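These notes concern the structure reproduced below.
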There are 2 protein chains.
Amino acid sequence: MARRDRPATMEDVASLAGVSRALVSIVYRDAPGASEATRARVLAAGTKLGYRPDHRARLLGRTRTRLLGVTFDVRQPFHGDLVESLYTAAESAGYELALSAVAPTRDEPRAIQSLLDYRCEALILLGPMLAPSALASLAADQPVIVVARKVSAAGVDVVRTDDTAGARLATEHLIGLGHTEIAHIDGARSPGATDRRASYRTTMRRAGLTPLVIPAGPTENDGALAAKQLLDTHPTVTAVFTFNDRSAVGFLDTVRQSRQVPTELSVIGYDDTTIAALSHINLTTIAQNTPALADQALQQAHSRTTTSDHTTPTPIAPRLVRRTTTGPRL
Amino acid sequence: MARRDRPATMEDVASLAGVSRALVSIVYRDAPGASEATRARVLAAGTKLGYRPDHRARLLGRTRTRLLGVTFDVRQPFHGDLVESLYTAAESAGYELALSAVAPTRDEPRAIQSLLDYRCEALILLGPMLAPSALASLAADQPVIVVARKVSAAGVDVVRTDDTAGARLATEHLIGLGHTEIAHIDGARSPGATDRRASYRTTMRRAGLTPLVIPAGPTENDGALAAKQLLDTHPTVTAVFTFNDRSAVGFLDTVRQSRQVPTELSVIGYDDTTIAALSHINLTTIAQNTPALADQALQQAHSRTTTSDHTTPTPIAPRLVRRTTTGPRL
DNA sequence: GTGAAAGCGCTAACAA
DNA sequence: TTGTTAGCGCTTTCAC
């Protein structure tokens with residue numbers, strides 16, 4: 001099969017349909033100003049030629065590009081879920097997405113720069129590690145929406161889950177099951193960790209219980225190490241609330257070598273990532289409402305790029321997902 | 001801080017530096033035809049204005065866009081690794097990447113279409129599930145490079161790991177440790193599964209051993225289910241080669257409840273994804289050479305889009321990564 | 001070494 | 001309802 005030397009252009013369609021380029025443009029933008037008959041004729045010609053408007057050219061001539069730049073971390077399953085929801089939200093809001101990945105050898109500034117070169121209307125950053133000052137200076141040039149990280153920077157909108165509510169939900173779930181010695185496996189400096197830790201402490205104290213925070217981090221490894229430490233130093237603990245699902249998985253892996261879950265030890269995670277739902281893990285966890293986060297991010301981007309009135313986003317409520325790693329204290 | 005109403009344009013830089021736009025273009029493209037002095041002056045002006053060339057406009061005017069479209073699956077950690085390597089390879093080859101995600105609610109044709117609208121020079125598809133006929137018809141319009149899936153379709157280049165060698169490596173590793181009853185947890189219809197299964201069988205027979213294939217699939221769940229079945233029906237097996245790391249993890253999770261690894265049972269995975277290296281998993285596995293795959297993909301894209309002579313890619317050699325889930329038969 | 005001018009494929013304001 | 005005409009911000013050819 002011979003490779004076409006160049007994709008069909010608007011001009012090609014116009015001449016085939018016997019109309020001007022402007023008409024073709026109107027038809028393909030679904031803009032008013034073309035009769036049904038012409039519309040059909042143009043569309044037929046376009047289909048015949050396999051015509052698809054050139055996106056770059058289209059953006060170039062337009063005042064509003066309706067292009068949103070998104071940075072995400074390839075190693076974060078949660079970011080994958082968010083990206084998916086963002087596509088859905090973007091489509092229904094009439095926006096396009098430009099993706100730029102962050103990875104060990106490709107840092108955030110890098111990923112952002114490449115987005116800027118595409119003249120995105122706004123930047124949606126998933127769990128960025130950038131300093132607030134850097135975020136603020138970015139926001140000076142175009143709207144910046146930070147998702148899943150609580151930062152306060154001038155002109156930056158923050159879309160996130162209400163982690164205080166989430167941690168309360170998790171802790172109260174364990175308390176409700178009759179547990180009294182409940183530990184929290186900490187997330188260190190990860191996005192959300194501060195709120196979850198504080199809320200865990202508050203909820204424990206309010207119930208007349210003593211909080212116990214084990215320093216750890218956001219990875220499976222951190223959870224595994226914390227497990228060893230907890231079993232050694234606090235063997236009487238009967239329930240654990242981990243920073244996230246990943247640390248929960250590492251924690252479980254280690255702890256199961258000497259304890260039965262949930263009969264001897266209950267474990268609850270956070271995020272409800274795909275891994276939590278796997279049948280052999282079946283982790284009780286706190287689910288972030290990804291579609292709602294995505295919708296809100298798009299709403300922010302939209303209101304910031306238009307004159308429509310802008311409202312500060314409110315944190316989104318998480319919900320408890322009961323599975324089989326938590327149970328009553330025996 | 002006031003938001004700049006529009007990014008600096010080439011015109012702005014030109015007038016600040018007191019030269020023509022063409023000069024600015026030359027300088028920013030690193031093209032010959034400008035004196036050192038002018039170059040410095042232009043660059044200074046550009047920096048002062050925070051100028052960055054508009055990528056869309058740049059591509060529009062150019063004959064070659066040097067833009068490569070990449071589709072990947074957000075749920076595949078291995079794709080994340082590949083994307084990272086592709087960025088590196090693209091940069092050194094002077095190409096740009098346009099990413100398009102595949103997800104449960106966003107299918108492959110969809111992801112590909114959006115790439116086509118950007119007039120990418122070539123398409124790099126990571127583990128696509130598209131039918132060979134669909135791939136071939138795509139390849140009629142622009143070069144298509146399929147990564148990590150063995151397909152044969154007209155005009156489509158396939159860049160992949162030598163799975164026959166990989167499975168042999170895995171099987172021989174277990175045989176070398178003295179195991180004789182070695183099972184393979186199958187990958188069903190996943191990319192690579194056929195080769196790995198066949199090579200496992202051949203290697204076993206050559207060593208005078210009887211192959212045992214347990215039907216499963218590519219996910220943690222599949223591995224977990226296969227583990228149950230294996231323990232029930234073939235309790236004398238002392239070593240297992242799983243289709244990939246994910247199924248290995250599910251397998252391990254289940255099997256560890258009744259067996260010691262590696263003393264009673266050895267397990268080897270495939271892919272060397274990030275999860276395999278986690279200290280609490282520490283999975284012996286077959287590593288795919290991601291950077292080499294990415295380099296080869298870029299090389300193919302390059303030779304297909306230029307007149308440089310095109311060679312059919314050769315499968316890339318994997319290597320054994322010894323960790324702690326395999327050990328001698330006791 | 002430098003600049004003028006045409007054009008990439010589209011959008012948009014306006015005239016017919 | 002339709003066509004004309006200017007751009008959008010850059011690259012590129014060709015004179016100077």
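All of these numbers come straight from a predicted model, not from anything done at the bench. FYI, side chains are in, hydrogens and waters are out, and symmetry mates aren't considered; it's all heavy atoms of this structure. Protein chains get the first letters and strands the later ones, always in sequence-line order, with residue 1 at the start of each.
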The salt bridge (Lys or Arg N to Asp or Glu O under 4.0 Å) partner of B/Glu121 among B/Arg304, B/Arg64, B/Arg62 is B/Arg64
Check: Taking the six-membered ring for Trp, are B/Tyr118 and A/Tyr118 parallel (under 30°), tilted (30 to 60°) or perpendicular (over 60°)?
Finding: perpendicular
Would you say the side chains of [X] and [Y] form a donor-acceptor pair under 3.5 Å?
X	Y	result
A/Glu84	B/Thr105	yes
B/Thr161	B/Gln288	yes
A/Ser100	A/Arg106	yes
A/Arg21	A/Ser25	no

* Is a side-chain donor or acceptor of A/Gln300 paired with a backbone partner of A/Val159 at a separation under 3.5 angstrom? -> no
Tell me the interatomic distance from [X], atom [atom1], to [N], atom [atom2], rounded to whole angstroms.
X	N	atom1	atom2	value
A/Tyr28	C/dG9	OH	C1'	14 Å
B/Met10	C/dA5	CE	P	18 Å
B/Leu60	C/dA6	CG	C1'	14 Å
A/Asp12	C/dC10	CG	P	9 Å
B/Ile26	C/dG3	CD1	P	10 Å
B/Leu67	C/dC8	CG	C1'	15 Å
A/Glu11	C/dG9	CD	C1'	10 Å

As a check of understanding: the bend across the helix from C/dG1-D/dC16 to C/dA16-D/dT1, end axes from five pairs, rounded to 10 degrees, works out to 40°
Check your understanding: According to a strict under-4.0 Å criterion, is A/Tyr51 in side-chain N/O contact with OP1 or OP2 of C/dC10?
Key -> yes
The residue, A/Leu59 or B/Val19, whose nearest nucleotide of DNA chain C is more 5′ is B/Val19
Find every protein N or O atom lying less than 3.5 Å from an N or O atom of nucleotides 12-16 of chain C, and list the pairs.
{"unit_1": "C/dA12", "atom_1": "OP2", "unit_2": "A/Arg29", "atom_2": "NH1", "d": "2.9"}

Those residues at least two apart in sequence (or on a different chain) that pass salt bridge (charged side-chain N to carboxylate O under 4.0 Å, His left out) with A/Arg119 are B/Asp54
Outer limits of DNA chain D sitting under 4.0 Å from a non-hydrogen atom of chain A, read 5' to 3', are D/dT1 to D/dG9
Sorted by chain and number, sequence neighbours left out, side-chain hydrogen bond (donor to acceptor under 3.5 Å, both in side chains) with A/Gln113 holds for B/Arg52
Nearest heavy-atom contact between B/Ala139 and B/Val156 is CB-CG2, 3.9 Å
The ring-ring contact (aromatic ring centres under 6.0 Å, His included) partners of B/Phe78 (sequence neighbours excluded) come to none
